Amino acid sequence: MNERQFTVAKFIDDTGSVRIGRIDGNQLFPLTPTDSVKRLIDIIAADDPLGTASSLATESPVAIESVDQWLPPIDDQEVWAAGVTYKRSQTARMEESAAAASCYDRVYEADRPELFFKATPRRVSGHGQAVRIRKDATWNVPEPEVTLVISPAMKIVGLTVGNDMSSRDIEGENPLYLPQAKCYDQSASLGPWITLYDRLPPPAQIQVDLKIHRDGQIVFDQQTAADQMARGFEDLVGWLGRDNSFDDGAFLMTGTGIVPTSDFTLHPGDRIDISISGIGTLSNTVVQG
């Protein structure tokens, strides 16, 4: 069982100021900044993130529904991603292209994981904001991913919900096109907030649900859990930190076990809802590049 957890969010208040707050049930408690804690990154980088967050005074709560604008819970961190960590992801990548099939098959079995740079903070959308499909792609999908919140000391301090948008036709044409398929404006989303943990829940308890809405109907609905991963969270972080340092910490999307079939692609106006148990639901609307 987890000893402690604390959920923190980043939002814009009714005066237009960027604030951080604590989520408790259906209420948001704005946190009073101090000289040493002004941003989320100050909590994440602390020796004891939970204790630091818990020590901050709170202001009068507001209903979550009354918040007009949530921001992605990121400050200056880089966003990285892992690929082919679930069997379904391996199969999907092999379906993209015969040329890429053996490449993805080998990385699924290898000791070294696939890790790639995903996004700078300005390319990341928050809850309620838009994600983009490329104008030069015809096969676009969301990839719902358990996302690790990593401190500068390379310690996993929390989890958030991630959407690793992907242009599968571009990647399938040639694996060397992966950066173009994955990294572009509004190519990632994080949120709606971060849940800080003393100890992460067992993988089987981290349930992931993806629903895609179109014209008032659910056109895609699938679930998985983190215990379906072939790799562990700590193992992925260990590889990320090899000969690599992160002065501000990092976010690491851990791969997807939910991949729509080849006859499905996102449309402008679709709403993507990704829910992860113990964290919340990240919702984004799709726009056309």
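Numbers for residues simply follow the sequence, beginning at 1. Since this is a predicted model, take the numbers as computed values, not measurements.
For the residue pair Gln77 and Asp248, no side-chain donor N or O sits within less than 3.5 Å of a side-chain acceptor on the partner. A donor atom on one side chain and an acceptor atom on the other are found under 3.5 Å apart for Ser189 and Asn284. Side-chain atoms of Asp169 and Thr138 include a donor-acceptor pair closer than 3.5 Å.
The local environment of CD in Glu65 is crowded, with over 12 non-hydrogen atoms from other residues, nucleotides or ligands closer than 6.0 Å. Counting non-hydrogen atoms of neighbouring residues, nucleotides and ligands closer than 6.0 angstrom, the NZ atom of Lys155 reaches no more than 12 such neighbours. Around the CG atom of Asp215, the shell of radius 6.0 Å holds no more than 12 heavy atoms that belong to other residues, nucleotides or ligands. Atom OH of Tyr177 has 12 or fewer heavy atoms from other residues, nucleotides or ligands within 6.0 Å.
Contact detail for Gln129 and Pro72: the closest heavy-atom pair is OE1-CD, 3.9 Å. Residues Pro113 and Leu236 come closest through the heavy atom pair CB-CD2, 3.8 Å. Contact between Pro192 and Gly280 at its shortest, heavy atoms only, is CD-C, 4.2 Å. Nearest heavy-atom pair, Ser66 versus Val62, reported as atom, atom and distance to 0.1 Å: OG-CB, 3.8 Å. When all heavy atoms of Ala204 and Ala225 are compared, the pair lying nearest together is O-CB, 4.2 Å. Here the closest heavy-atom approach between residue Ile276 and residue Glu145 is recorded as CD1-O, 3.8 Å.
Between Pro268 and Ile133, the closest side-chain pair of non-hydrogen atoms falls below 4.5 Å. Leu266 places a side-chain heavy atom less than 4.5 Å from the side chain of Phe264. Between Ser166 and Glu171 there is a side-chain heavy-atom pair separated by less than 4.5 Å. Arg123 places a side-chain heavy atom less than 4.5 Å from the side chain of Cys183. Considering only heavy atoms from C-beta on, Trp139 comes within 4.5 Å of Ser262 through its side chain. Using a 4.5 Å cut-off on side-chain heavy atoms (C-beta onward), Phe220 and Asp270 make no contact. In this structure, the side chains of Tyr184 and Met165 come closer than 4.5 Å at one or more pairs of heavy atoms. At a threshold of 4.5 Å between non-hydrogen side-chain atoms, the residues Asp42 and Ile20 do not count as touching.
Screening Asp75, Asp76, Asp185 against Arg122 for a salt bridge (charged side-chain N to carboxylate O under 4.0 Å, His left out) leaves a single residue, Asp185. Trp193 pairs with exactly one of Trp70, Phe11, Phe6 by the ring pair (Phe, Tyr, Trp, His ring centres under 6.0 Å) rule, that one being Trp70.
Residue Gln180 holds its CD atom at 9.5 Å from CG of Asn174, rounded to the nearest 0.5 Å. Arg4 CZ to Leu196 CG: the interatomic distance, rounded to the nearest 0.5 Å, is 9.5 Å. The distance from the OG1 atom of Thr281 to the CG atom of Asp209 is 8.0 Å, given to the nearest 0.5 Å. Note that NZ of Lys211 and CD of Gln222 are 11.0 Å apart. Values are rounded to the nearest 0.5 Å. Separation of atoms CG (Leu252) and CD1 (Ile150) is listed at 5.0 Å; rounding is to 0.5 Å. In this structure, the separation between CD1 on Ile212 and NE2 on His267 is 10.5 Å, given to the nearest 0.5 Å.
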- prompt: Could you go step by step and tell me if Leu159 and Thr147 meet the side-chain contact (heavy atoms from CB on, under 4.5 Å) rule?
  reply: CA-CA 6 Å; Leu159 301 176; Thr147 301; over 6 Å; no

- request: Any chance you could lay out the side-chain contact (heavy atoms from CB on, under 4.5 Å) test for Thr58 and Leu31, step after step, and finish with the verdict?
  value: CA-CA 5 Å; Thr58 59; Leu31 296 174; 3.6 Å; yes

- request: Evaluate side-chain contact (heavy atoms from CB on, under 4.5 Å) for Ile43 paired with Val37, printing each intermediate quantity in order.
  value: CA-CA 7 Å; Ile43 295 174; Val37 181; 3.7 Å; yes

- request: Determine, step by step, whether Tyr86 and Met229 satisfy the side-chain contact (heavy atoms from CB on, under 4.5 Å) criterion, reporting the C-alpha distance in whole Å, the side-chain angles of both residues, the deciding distance to 0.1 Å, and the verdict.
  value: CA-CA 5 Å; Tyr86 291 76; Met229 292 178 62; 3.1 Å; yes

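A salt bridge is defined here as a Lys NZ or Arg NE, NH1 or NH2 lying under 4.0 Å from an Asp or Glu carboxylate O, and Glu59 with Arg19 meets this definition. Checked for salt-bridge contact, Glu114 and Arg231 miss the test: no charged N lies under 4.0 Å from a carboxylate O.
Connection of Leu210 to Leu190 is not established within any shared hydrophobic cluster, with ILVMFWY side chains joined at heavy-atom distances below 4.5 Å, either directly or through further cluster members. Cluster annotation: Leu115 is not connected to Val149 through the hydrophobic network of ILVMFWY side chains, with a link wherever side-chain heavy atoms come within less than 4.5 Å. Met253 and Trp239 end up in different hydrophobic clusters when Ile, Leu, Val, Met, Phe, Trp and Tyr side chains are linked at under 4.5 Å. Taken together through direct or relayed side-chain contacts under 4.5 Å among Ile, Leu, Val, Met, Phe, Trp and Tyr, Val8 and Val124 form part of one hydrophobic cluster. Linking ILVMFWY side-chain heavy atoms closer than 4.5 Å, directly or via other members, places Val67 and Phe29 in two distinct hydrophobic clusters.
Judged by distance alone, with hydrogens and angles left aside, the side-chain atoms of Ser277 form a donor-acceptor pair with the main-chain N or O of Gln205 at under 3.5 Å. Remark: side-chain polar atoms of Thr224 are not paired, donor with acceptor, to backbone N or O of Ile258 under 3.5 angstrom. No donor-acceptor pair closer than 3.5 Å links the side chain of Thr7 to the backbone N or O of Ile23. With Ser17 contributing its side chain and Asp13 its backbone, the two residues share no donor-acceptor pair below 3.5 Å. Checking side-chain atoms of Thr195 against main-chain N and O of Ile279 turns up no donor-acceptor pair under 3.5 Å. Side-chain N or O atoms of Ser283 include none that pairs as donor or acceptor with a backbone N or O of Gly128 at under 3.5 Å. When atom types are taken as modelled, the side chain of Lys10 and the backbone of Val18 share no donor-acceptor pair closer than 3.5 angstrom. Here the side chain of Lys118 pairs a donor or acceptor atom with the backbone of Ser187 at under 3.5 angstrom.
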